[in-house]
Amino acid sequence: DFLDTQDAGGNFPNVTPGPKFDAFNSPWWGGCGVWLPWEWYQYYGDDTLLRESYPAMKRYVDYLDKVAQDGLQQWGLGDWYSVEDTPLALINTPAHVHYADVVSRTAAMLGETDEAQKYAAVAARLRQALNQKLLDPATGIYGQPGWVVVHGKHVLLPKPLEQLHSVWWTGDRPCTQGGQVMALAMDVPPKEVRGQVEQALLKEIKAHHGRLSTGFVATPYLLRVLRDLAPEAGWKMTTTEEFPSWLSMTRGSGSDVMKETWNGGAALMPSLGGNIAAWNMESLAGIRPDPEGPGFKKTIIKPNMVGDLQWVNAHHDSPYGKIVSNWKREGSKISMDVTIPANTTATVFVPAKDAAEVTESGKPASEVEGVKFLRFENNAAVYAVGSGTYQFQSQL
């Protein structure tokens, strides 16, 4: 049992059964003792792991507090097999932030009000430390002053890094995709500068000619951030055939399986490769668990109709039944077929130029029983729906 391998100081091993504690550990490896129970709860609505793991989760967050240097996590592996290296503090401190948030929310679920407040305060303190020490609010860059941009450890590049990346920033710190996206994913930036932080990320993606520069840790969060911030950028990134990409990892390397590195090498351990499945489901089909109703008690359907993609057929087998999100576009005409299981609800985003033109089963959507118009947001009409099958049509 993983929880039984926690050491007396609160650290989790990076390999179990074992347990094994070595230089390949980090808050993102051993920290799965906090990360996994929360993800399990979001996707299955089962809080058993959270309840059983809560004491060990607290001890781990306390352990991270003890080993912090100047309030930051500067130990262990970084963004493993990244194309471009990012300072450890910018990769690993956001893990500490996330785990403190998770413990606080779990404590609130368990009725432990004092502990909920305690760990919420820890998360707030960590965000403040990151912002004070590593954020340049004028440029929106999260970076370490004086940091020299180099390629990730053990990474074989097909050409020199300077040919893969153009420098756009000025000032005392370089920008990396990993540094920007980990801060954004954990809601670290103050509200008043979040826009600058997002724009700095997009500039850095452009500097890499639309391609990613991240590794094991930051890649899933990069795609998660881009699904709402800039889905077209995510589409270009996930469909390019050039290095680094999922195609360079497989067909471009002569391999028919996803391995450990962007050029198809090392172990048969597709931690980088597997993220494309989440992108396809959560961004292209748009099926996501709603944090307000874990385990798909509430679902978000928010498809991105990007690039030259003309149709998507997808379903997710949730604990309540099959969730379907199928869509196609013909010219400016959009058709969406959505199924929401019994005893659940959903928020559905229908891409449209005008909410008044959206129909469901041929009738104005605003007049259909069980379909409630909520708002018009970023070129999409947003509806609250109950269980059932829906056929939306709109014009873009």
K203/Q180 under side chain to side chain contact (heavy atoms under 4.5 Å, CB included): CA gap, chis, key distance, verdict: CA-CA 11 Å; K203 289 178 183 178; Q180 297 302 113; over 6 Å; no
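- Residue pairs meeting the side chain to side chain donor-acceptor pair (under 3.5 Å) criterion with at least one member in residues 120-131, sequence neighbours excluded: D65-R125, D101-R127, N131-Y142.
- The OG1 atom of T16 lies 9.0 Å from the CG atom of D4; values are rounded to the nearest 0.5 Å.
- Counted within 6.0 Å of CG on D22, heavy atoms from surrounding residues, nucleotides or ligands total more than 12; the atom is thus considered enclosed.
- Just one residue in the list Y63, F21, W29, Y60 forms a ring-ring contact (aromatic ring centres under 6.0 Å, His included) with F12, and that residue is Y60.
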Checking W75 against Q69 for the side chain to side chain donor-acceptor pair (under 3.5 Å) test, could you report, in this order, the C-alpha distance in whole Å, the side-chain angles of both residues, the deciding distance, and whether it holds? CA-CA 9 Å; W75 64 279; Q69 299 177 33; over 6 Å; no
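- Scanning for ring-ring contact (aromatic ring centres under 6.0 Å, His included) contacts around Y119 gives an empty result, with sequence neighbours left out.
- Under the ring pair (Phe, Tyr, Trp, His ring centres under 6.0 Å) criterion, the residue pairs touching residues 359-382 are F373-Y383, with sequence neighbours excluded.
- Under a 3.5 Å cut-off, the side chain of T344 and the backbone N or O of I340 do not form any donor-acceptor pair.
- Between the side chain of K297 and the backbone N or O of N343 there is at least one donor-acceptor pair closer than 3.5 Å.
- Interatomic distance, Q73 CD to L90 CG, rounded to the nearest 0.5 Å: 12.5 Å.
- Applying the 6.0 Å contact sphere to NZ of K133 captures more than 12 heavy atoms from other residues, nucleotides or ligands.
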Test side chain to side chain contact (heavy atoms under 4.5 Å, CB included) on Q393 and V350 and set out the steps. CA-CA 8 Å; Q393 289 191 328; V350 181; over 6 Å; no
Set out, in order, the CA-CA distance, both residues' side-chain angles and the distance that settles side chain to side chain contact (heavy atoms under 4.5 Å, CB included) for M182 and T86, then state yes or no. CA-CA 11 Å; M182 295 309 295; T86 294; over 6 Å; no
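- In this structure, F243 has no ring-ring contact (aromatic ring centres under 6.0 Å, His included) partners at least two apart in sequence or on a different chain.
- Salt-bridge annotation for K236 and E232: absent, with no side-chain N of the basic residue lying under 4.0 Å from a carboxylate O of the acidic one.
- Counting heavy-atom neighbours within 6.0 Å of K191 NZ, excluding the residue itself, gives a total of 12 or less.
- With values rounded to the nearest 0.5 angstrom, Q177 atom CD is found 12.0 Å from L184 atom CG.
- The environment of NZ in K328 is sparse: at most 12 heavy-atom neighbours from other residues, nucleotides or ligands sit within 6.0 Å.
- Taking every heavy atom of both residues into account, S245 and W262 meet most closely at O-CE3, 3.6 Å.
- Partners of Y81 by ring-ring contact (aromatic ring centres under 6.0 Å, His included), not counting sequence neighbours: none found.
- Between the side chain of K66 and the main chain of G9, a donor-acceptor pair closer than 3.5 Å is present.
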Could you pull out all donor-acceptor pairs under 3.5 Å where a side-chain atom in residues 104-113 meets a protein atom, sequence neighbours excluded?
{"residue": "S104", "atom": "OG", "partner": "A116", "partner atom": "O", "Å": "2.7"}
{"residue": "T106", "atom": "OG1", "partner": "V102", "partner atom": "O", "Å": "2.7"}

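- Interatomic distance, CG of L164 versus CD of E162, reported as 8.5 Å (0.5 Å rounding).
- Every pair passing ring pair (Phe, Tyr, Trp, His ring centres under 6.0 Å) that includes a residue from residues 309-347 is listed here, sequence neighbours excluded: F296-H316.
- A heavy-atom distance below 4.5 Å is found between the side chains of K259 and L268.
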Enumerate, atom names and distances included, each donor-acceptor pair closer than 3.5 Å involving a side-chain atom of residues 212-219, sequence neighbours excluded.
{"residue": "T214", "atom": "OG1", "partner": "T219", "partner atom": "OG1", "Å": "2.8"}
{"residue": "T219", "atom": "OG1", "partner": "G215", "partner atom": "O", "Å": "2.7"}

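- Taking the side chain as every heavy atom from C-beta outward, Y390 and V385 approach each other to under 4.5 Å.
- Two rings, from Y221 and W35, have their centers 6.0 Å or more apart.
- Every ring-ring contact (aromatic ring centres under 6.0 Å, His included) that W169 has, sequence neighbours left out, goes to H165.
- No more than 12 heavy atoms of other residues, nucleotides or ligands shown are found within 6.0 angstrom of CG on N378.
- Residues A266 and E260 come closest through the heavy atom pair CB-OE1, 3.2 Å.
- Although no hydrogens or angles enter the test, the distance criterion places no donor-acceptor pair under 3.5 Å between the side chain of D62 and the main chain of G10.
- Looking at every heavy atom in both residues, P341 comes nearest to K322 through CG-O, 3.5 Å.
- With rounding to the nearest 0.5 Å, the separation of CG in D79 from CG in N92 is 9.0 Å.
- Two residues are said to be in side-chain contact when any heavy atoms from C-beta on lie closer than 4.5 Å; V188 and T93 fail this criterion.
- The side-chain hydrogen bond (donor to acceptor under 3.5 Å, both in side chains) search around T345 returns none, not counting sequence neighbours.
- Of the possible donor and acceptor atoms, none in the side chain of Q395 sits under 3.5 Å from a partner among the backbone N and O of E357.
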N/O donor to acceptor pairs below 3.5 angstrom from side-chain atoms of residues 359-372, sequence neighbours left out:
{"residue": "E360", "atom": "OE2", "partner": "Q391", "partner atom": "N", "Å": "2.9"}
{"residue": "S361", "atom": "OG", "partner": "Q391", "partner atom": "OE1", "Å": "3.0"}

Give the intermediate values and the outcome of side chain to side chain contact (heavy atoms under 4.5 Å, CB included) for residues R194 and D187. CA-CA 9 Å; R194 186 177 178 92; D187 198 25; 3.6 Å; yes
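- Annotation: side chain of I91 is not in contact with side chain of S82 (no heavy-atom distance under 4.5 Å).
- Separation of atoms CG (N14) and SG (C32) is listed at 10.5 Å; rounding is to 0.5 Å.
- Residues C175 and E84 come closest through the heavy atom pair O-OE2, 4.0 Å.
- Judged purely by atom type and a 3.5 angstrom limit, S53 uses its side chain to pair as donor or acceptor with the backbone of L49.
- For the residue pair A89 and L134, the shortest heavy atom distance occurs at CB-CD1, 4.0 Å.
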For residues 278-291, which side-chain donor-acceptor pairs fall under 3.5 Å, sequence neighbours excluded?
{"residue": "W279", "atom": "NE1", "partner": "T238", "partner atom": "OG1", "Å": "3.4"}
{"residue": "N280", "atom": "ND2", "partner": "I276", "partner atom": "O", "Å": "3.4"}
{"residue": "E282", "atom": "OE1", "partner": "R227", "partner atom": "NH1", "Å": "2.6"}
{"residue": "E282", "atom": "OE2", "partner": "Y43", "partner atom": "OH", "Å": "2.2"}
{"residue": "S283", "atom": "OG", "partner": "N304", "partner atom": "ND2", "Å": "2.9"}
{"residue": "R288", "atom": "NE", "partner": "E282", "partner atom": "O", "Å": "3.0"}
{"residue": "R288", "atom": "NH1", "partner": "D228", "partner atom": "OD1", "Å": "3.3"}
{"residue": "R288", "atom": "NH1", "partner": "D228", "partner atom": "OD2", "Å": "3.3"}
{"residue": "R288", "atom": "NH2", "partner": "D228", "partner atom": "OD1", "Å": "3.2"}
{"residue": "D290", "atom": "OD1", "partner": "E292", "partner atom": "N", "Å": "2.9"}

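- Note on L88 and V155: separate hydrophobic clusters, where clusters join Ile, Leu, Val, Met, Phe, Trp and Tyr whose side-chain heavy atoms are under 4.5 Å apart, directly or indirectly.
- Closest non-hydrogen pair, P27 versus L64, comes out as CG-CD2, 4.1 Å.
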